[in-house]
Amino acid sequence: MQQNLRVPGPTPVPDGVAQAGAQPMINHRGPEFATVMREVIENLKPFFGAADDPLILTGSGTGAQEAAVVNVLSPGDPVLAVVGGVFGARFAEIADAFGADIRRLDVEWGTAAGPEAVAEALRGFPASAVILTHNETSTGVTNDIPTLTRSIRAHRPEATILVDGVSSIGALPFDLDGWDVDVAVSGSQKAWMSPPGLAMAAVSSRGWDAYSRARMPRYYWDFRKASKNGAKGTTPFTPAVGVVRAMQEALRLMTGEGTEAVFARHARIGEAVRDGITALGLELFARPEVASNTVTAVRVPGSLDAAKLIKQLRERHGVVVASGQDWLKGSIFRIGHMGYVRDEDIDHLLQSLAAVLSDKSLERAV
Ligand SMILES: *Cc1c(COP(=O)(O)O)cnc(C)c1O
């Protein structure tokens with residue numbers, strides 16, 4: 001049975017994208033590959049809102065988070081990390097592991113970070129960099145990045161602002177240049193309807209200034225190497241050639257649909273998921289006004305067994321959703337609706353969920 005893969009990454013890949021990725025191998029130092037790379041880089045720009053070329057890195061989203069950290073920070077740098085879930089915490093842990101002086105601003109999970117709280121944190125802690133998560137995949141919350149960057153700039157105009165856009169860029173509006181973000185990263189298997197294996201980063205001119213001062217150890221993730229190579233249509237090391245070709249096709253589809261139409265589709269489908277979930281009598285984990293249009297976290301009623309619910313959706317209906325992470329394991333499940341997602345996928349998911357919920361065997365033994 002063809003699965004309705006509704007985890008927040010990896011996400012489904014259209015047939016044409018899968019085929020593009022399965023073509024015979026080519027020389028990654030040859031002219032064919034350079035043409036592919038140039039097209040991918042050009043087509044990424046409007047989704048990052050970056051005039052300069054985004055960088056292509058081979059790795060997962062976590063690798064891209066690490067790349068962001070090691071390219072613009074130095075050991076001992078005072079860094080404010082805004083944490084509202086598992087991925088914000090991971091970004092802070094990486095910076096901590098490389099020796100940054102991390103101050104965490106913990107935001108209640110399921111809510112968005114507020115500009116006042118960030119301003120208040122910066123008054124007490126003169127950070128030279130701030131770490132933000134655009135879309136917190138563990139809770140289904142989208143943070144308002146431009147509002148947060150304005151608040152940061154008002155207090156620390158020269159701070160380097162790092163944004164995890166792994167589960168947002170490509171699906172939700174993003175504007176590195178307009179929002180005054182310095183480093184933004186993403187991953188191929190989330191909103192880009194491509195297989196896992198590539199990470200992307202966009203860097204502002206302030207980000208490049210930070211790069212020239214940064215002293216954290218780095219080798220594989222060096223932005224300058226990636227940038228110099230990218231300009232020539234190459235990569236410093238052997239890239240995931242098949243994934244670059246898959247992304248070429250995925251980006252053709254996304255560009256053909258149009259950036260605004262891609263964002264509008266995600267907004268419409270996000271709303272349809274939330275409406276469908278509440279119509280089934282279930283509660284959303286995220287506050288509705290900050291609920292994400294790429295991933296929805298759903299509370300599992302205390303009377304039901306979350307693991308059984310997830311298992312029945314998969315076994316009986318071919319619908320694959322994700323469990324909660326960290327302390328939310330067992331109390332929520334998460335639905336991915338980014339990248340290759342159509343209305344009929346969501347209708348099928350909601351019908352399957354309705355069928356599973358009507359099954360008495362889901363009730364916990366008391
Ligand atoms: C998935 C995800 C990551 C980690 O990406 P991997 O590819 O699993 O390493 C980081 N941040 C966010 C917001 C994510 O959704």
Side-chain angles (χ1 to χ4, degrees), residues 5-13 47-48 55-70 81-97 107 109-113 130-145 148 161-174 181 183-202 220-221 239-240 243-244 246-247 250 266 270 285-286 290-297 320-326 328 332-339 341:
L5 183 63
R6 298 269 66 97
V7 296
T11 60
V13 173
F47 289 100
F48 276 89
L55 312 176
I56 309 281
L57 310 166
T58 300
S60 81
T62 307
Q65 289 177 300
E66 181 169 318
V69 165
V70 300
V82 181
V83 177
V86 168
F87 294 104
R90 185 178 297 178
F91 216 169
E93 278 166 24
I94 295 168
D96 178 64
V107 174
W109 290 27
T111 71
V130 180
I131 286 176
L132 303 173
T133 307
H134 186 200
N135 191 75
E136 181 46 80
T137 317
S138 63
T139 62
V141 165
T142 302
N143 284 297
D144 182 347
I145 297 297
L148 296 177
I161 302 179
L162 289 69
V163 176
D164 175 348
V166 175
S167 65
S168 57
I169 302 175
L172 309 182
F174 196 87
V181 168
V183 183
V185 295
S186 191
S188 58
Q189 83 280 22
K190 300 286 174 92
W192 307 95
M193 51 188 195
S194 295
L198 286 186
M200 294 78 81
Y220 185 69
W221 295 126
V243 187
V244 179
M247 267 202 92
H266 283 88
F285 181 74
V290 295
S292 165
N293 285 329
T294 61
V295 55
T296 296
V320 185
V321 298
S323 62
Q325 292 163 288
D326 202 318
L328 289 171
I332 65 166
F333 68 91
R334 294 171 303 139
I335 302 166
H337 36 89
M338 66 187 107
V341 57

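Note that ligands are numbered from 1 as they come in the structure, with each ligand's atoms numbered from 1 the same way. Side-chain atoms are counted along with the backbone in the values below, which use heavy atoms only and exclude waters and symmetry mates.
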*His134 contact mode with ligand 1 (heavy-atom cut-off under 4.0 Å)*: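 The answer is neither; His134 stays 4.0 Å or more away.
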*With heavy atoms only and a cut-off of under 4.0 Å, state how Glu136 meets ligand 1: side chain, backbone, both or neither.*
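The answer is neither; Glu136 stays 4.0 Å or more away.
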What atoms of ligand 1 come closer than 4.0 angstrom to any heavy atom of [X]?
| X | result |
| --- | --- |
| Arg90 | 4 (C) |
| Ser167 | 13 (C), 15 (O) |
| Thr62 | 4 (C), 5 (O), 6 (P), 9 (O) |
| Asn135 | 13 (C) |
| Ser60 | 6 (P), 7 (O), 9 (O) |

What residue and heavy atom of the protein are closest to [atom], and at what distance?
| atom | answer |
| --- | --- |
| atom 11 (N) of ligand 1 | Asp164 OD2, 2.6 Å |
| atom 1 (C) of ligand 1 | Lys190 NZ, 1.4 Å |
| atom 10 (C) of ligand 1 | Phe87 CD2, 3.3 Å |
| atom 5 (O) of ligand 1 | Gly61 CA, 3.3 Å |
| atom 8 (O) of ligand 1 | Gln189 NE2, 4.0 Å |
| atom 15 (O) of ligand 1 | Thr137 OG1, 2.5 Å |

*Do Ser323 and Arg334 get their side chains close enough for a donor-acceptor pair, meaning under 3.5 Å?*
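Checked: Ser323/Arg334 side chains show no N/O donor-acceptor pair below 3.5 Å.
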_Modelled atom types, side-chain donor and acceptor of Thr137 and Ser167, under 3.5 Å_ =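 There is such a pair between these side chains.
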N/O donor-acceptor pair under 3.5 Å between [X] side chain and [Y] backbone:
| X | Y | result |
| --- | --- | --- |
| Asn143 | Ile145 | no |
| Thr11 | Gln189 | yes |
| Ser292 | Gly140 | no |

*Flag this pair as yes if the NZ/CZ of Lys190 is under 6.0 angstrom from the six-membered ring centre of Phe87 and inside a 45 degree cone about the axis; otherwise no.*
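Relative to the ring axis of Phe87, which defines the angle, Lys190 lies inside both limits.
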*Show your working on side-chain contact (heavy atoms from CB on, under 4.5 Å) between Asp326 and Trp109 and close with a plain yes or no.*
CA-CA 11 Å; Asp326 202 318; Trp109 290 27; 4.0 Å; yes
_Closest heavy-atom pair and its distance - Thr111, Val141_ =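 Here Thr111 and Val141 meet closest at O-CG1, 3.6 Å.
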_Using ring centroids (six-membered ring only for Trp), state whether Trp192 and Phe47 fall under 6.0 Å._
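For Phe47 and Trp192, the ring centres are under 6.0 Å apart.
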